Amino acid sequence: MQTALIKNLARYAGSEVTVQGWLYNKRSSGKIIFLIVRDGSGLVQCVLVKKEVSEDVWASASRLTQESSLKITGLVREEPRSVGGYEIQVTGLEVVQIAEEYPITHKEHGVDFLAEHRHLWIRTPRQTAILRVRSEIEHAFRDFFYQRDFVLADAPIITPAACEGTTTLFEIDYHGDKAFLSQSGQLYNEATALALGRIYCFGPTFRAEKSKTRRHLLEFWMIEAEMAYFDIDDNMRLQEEMVYYVIQRVLERCSAELKVLERDVEKLKSIQLPFPRISYTEAVEILRKAGEDFTWGDDFGAPHETIISNHFNAPVFVHRYPTAIKAFYMKPDPENPAVVLGADLLAPEGYGEVIGGGQRIDDLKLLEQRIAEHKLPPEAFQWYLDLRRYGSVPHSGFGLGIERTVAWICGLEHIREAIPFPRMLHKMYP
RNA sequence: UCCUCGAUAGCUCAAUGGUAGAGCACUCGGCUGUUAACCGAGUGGUUGUAGGUUCGAGUCCUACUCGAGGAGCCA
């Protein structure tokens, strides 16, 4: 007997297979029972007709409750009346465990209840579809970098000092010393990029900000790349090719999941290279034409980003932000030192900033000056300054938030569904 | 931290200041092709907490707790 995944059942039409899974739903009518079984890869309807199965099998099927675990054996056949187009004519049924009364029903639930039961909520078709798309997205990023000779060089999670200010860091006790959970691997990436050329890291990052919106998590996963000898234009070109590659991969391999999510895939299919590029100053013009009272030099809020991105049906780069609102390591534009060679990528459909990146300062004196201006402790940055003392080169990098990317590609209302166990303000159970 | 809204059965929600109810889930019964199956019956309540007004409070008032949406910050 062969064991099969539900998503591959079409390959087994006409033969007998065993599916190992859980009972998603049951419908019965006296002489016939329909079991809807899930195995993580999909749903399949299994049919038992009373006079065609043994009494044991019939009795076992009758006592199954929602989410009971089971191994079910039968003949796979094409059946247009069944979801997925195939169903299993049951010949054998092994009950692994009869589940207790299951809290999540097939009716509607509120978000608070679902969040409290996240460990069970992730069993539902919609959530499994999202998590499979997330997995595909993560694989696609890794494949993209691998194909381009990037080295995966993961950054530390426990760090001795803030890289961009201390108010947003989670503090931990490091055997008597103060330490912090990383909010970015970037500074370490600059070191590994000067060692290996082109590198990326992929791991969790932590922000202690009291953000409470549909776009924020306290713990989120970030792909961060850093490239020696890349300028701002090389940087944007790499980013758009990467995002385009990931979208194509999801369209190619996750069409079933996107259908479950009712994602309008035309909006993803219409995205072409290259992505539009506008300067911060041009973005301010768009805001003013839209009737916003916006002062040059201020940072964009979420509503501003939406106005800007709605002008395009592809992700849009906004580059050359005012120096004053960006991080200390951003390289000033030689043609206009009031702005920096940084660029953010705004996703379409109001999903906001998914990438922040830019060219870094490669001059020792200027970097020392910036560290002083931002009132950062110079002793903590000596190793970082070493990178400008020993073989400094122009270099650039970026960070992409995985959950925002998943939310955008899946068309989610809220980022909390884009990660198995979201960490939100005052909320870390389960 | 600020603004807005909310909390009633396991879940989703009703209930002019006057006897707390429905659907789902669960239990029992019925039904040979169901698609969140359907039909009949049953089980299920300290109305978030603490005070107050009133003959009488789920409903009105005050405080608190918890949650949701948004803002700021960011990916």
Side-chain angles (χ1 to χ4, degrees), chain A residues 24-36 43-53 58 62-63 65-67 79-84 87 89 99-117 120-121 124-126 164-165 167-168 183-186 202-224 239 298-306 321 325-327 344-347 351-357 398-408 413-416 418-419 424-427 429:
Chain A
Y24 177 69
N25 199 5
K26 177 168 77 174
R27 292 183 282 269
S28 66
S29 57
K31 303 280 182 346
I32 189 166
I33 297 176
F34 299 95
L35 302 176
I36 314 299
L43 293 173
V44 66
Q45 174 162 283
C46 305
V47 189
L48 297 87
V49 177
K50 191 170 189 180
K51 64 185 179 188
E52 294 171 12
V53 298
W58 183 263
S62 299
R63 68 193 181 98
T65 55
Q66 190 185 351
E67 284 302 316
E79 173 53 75
R81 285 176 291 188
S82 187
V83 184
E87 71 179 18
Q89 187 77 32
E100 293 179 24
E101 187 176 336
Y102 194 65
I104 299 183
T105 69
H106 297 296
K107 289 282 181 179
E108 285 179 36
H109 296 284
V111 284
D112 187 28
F113 178 81
L114 289 171
E116 285 287 312
H117 295 82
L120 303 177
W121 185 21
T124 59
R126 179 181 162 81
E164 302 176 35
T167 55
T168 63
Q183 57 178 357
S184 166
Q186 190 209 306
F202 180 44
T205 51
F206 308 87
R207 306 272 166 100
E209 283 157 3
K210 298 198 169 175
S211 301
K212 194 173 172 299
T213 80
R214 68 180 71 186
R215 299 178 309 281
H216 289 86
L217 295 169
L218 276 68
E219 174 184 297
F220 67 97
W221 285 65
M222 191 152 64
I223 292 262
E224 291 180 279
Q239 289 168 43
D298 287 349
D299 208 352
F300 301 134
H304 299 129
E305 288 182 353
T306 302
Y321 282 81
I325 57 171
K326 284 293 177 183
D344 290 348
L345 184 70
L346 306 184
Y351 280 95
E353 185 181 344
V354 289
I355 296 180
F398 62 88
L400 173 142
I402 286 289
E403 288 77 15
R404 285 188 183 176
T405 305
V406 172
W408 162 42
E413 282 290 311
H414 200 296
I415 199 170
R416 66 180 155 227
I419 185 169
M424 318 216 296
L425 192 58
H426 305 134
K427 196 154 202 160
Y429 177 91

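As the structure is a prediction and not an experimental result, all values here were calculated from the model. A, B, ... follow the sequence lines: proteins, then strands. Residue 1 opens every chain.
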Length of the line joining A:His109:NE2 and B:G10:P, which is rounded to integer Å: 14 Å
Heavy-atom nearest nucleotide on RNA chain B for A:His304 versus A:Arg416: which residue maps closer to 5'? A:Arg416
Given the P atoms of B:G17 and B:U27, what is the spacing between them in whole Å? 39 Å
Minimum-distance nucleotide (side-chain atoms of A:His216 versus B:C74, B:U32, B:G69): B:C74
What nucleotide, of B:U12, B:A75, B:A71, holds the atom closest to the side chain of A:Pro303? B:A71
Verify, without hydrogens or angle tests, whether A:Lys26 (side chain) and A:Ser62 (backbone) share a donor-acceptor contact under 3.5 angstrom. yes
What integer number of Å spans the P atoms of B:G52 and B:G45? 27 Å
When you measure only distances, ignoring hydrogens and angles, does the side chain of A:Thr105 come within 3.5 Å of the base of B:C11 through a donor and an acceptor? no
So, A:Phe34 and B:G33: ring centres less than 5.5 Å apart, planes less than 30° off, yes or no? no
So A:Gln45 and A:Glu79, side-chain hydrogen bond (donor to acceptor under 3.5 Å, both in side chains) or not? Walk me through it. CA-CA 10 Å; A:Gln45 174 162 283; A:Glu79 173 53 75; over 6 Å; no
Taken to the nearest whole Å, CG/A:Leu425 to P/B:G72 is 16 Å
Ignoring backbone atoms, establish whether A:Arg215 has a side-chain N or O less than 4.0 Å from OP1 or OP2 of B:A71. yes
What integer distance in Å separates A:Phe300:CZ from B:A75:C1'? 17 Å
Roughly, in whole Å, what's the span from NE2 in A:His414 to C1' in B:A68? 9 Å
Does a side-chain N or O of A:Lys212 approach OP1 or OP2 of B:G72 to a distance below 4.0 Å, or not? no
Taking CD from A:Glu101 and P from B:A9, how many angstroms apart are they, rounded to a whole number? 15 Å
Taking the C1' atom in each of B:C55 and B:U1, what is the distance between them to the nearest angstrom? 46 Å
Separation between the C1' atoms of B:A7 and B:A75, rounded to whole Å: 33 Å
Please state whether the rings of A:His117 and A:Phe113 are parallel, tilted or perpendicular, taking 30° and 60° as the class boundaries. tilted
Spell out yes or no: do the side chain of A:Glu87 and the base of B:G33 have one donor N/O and one acceptor N/O closer than 3.5 Å? yes
note: A:Arg27, atom CZ; B:A25, atom P; distance rounded to Å ~ 12 Å
Heavy-atom nearest nucleotide on RNA chain B taken for A:Lys427 and for A:Glu305; more 5' hit belongs to A:Lys427
Tell whether A:Lys50 reaches the base of B:U32 with its side chain through a donor-acceptor pair below 3.5 angstrom. no
Is a side-chain donor or acceptor of A:Glu403 paired with a backbone partner of A:Trp221 at a separation under 3.5 angstrom? yes
Using the C1' atom as the point on both nucleotides, what is the distance between B:C24 and B:A63, in whole Å? 36 Å
Could you check how far CZ of A:Arg81 sits from P of B:U32, rounded to whole Å? 16 Å
Between C1' on B:A25 and CD on A:Glu100, what's the gap in Å once rounded to a whole number? 15 Å
Indicate, with a heavy-atom threshold strictly under 4.0 Å, whether A:Gln45 touches base, sugar-phosphate, or nothing. base
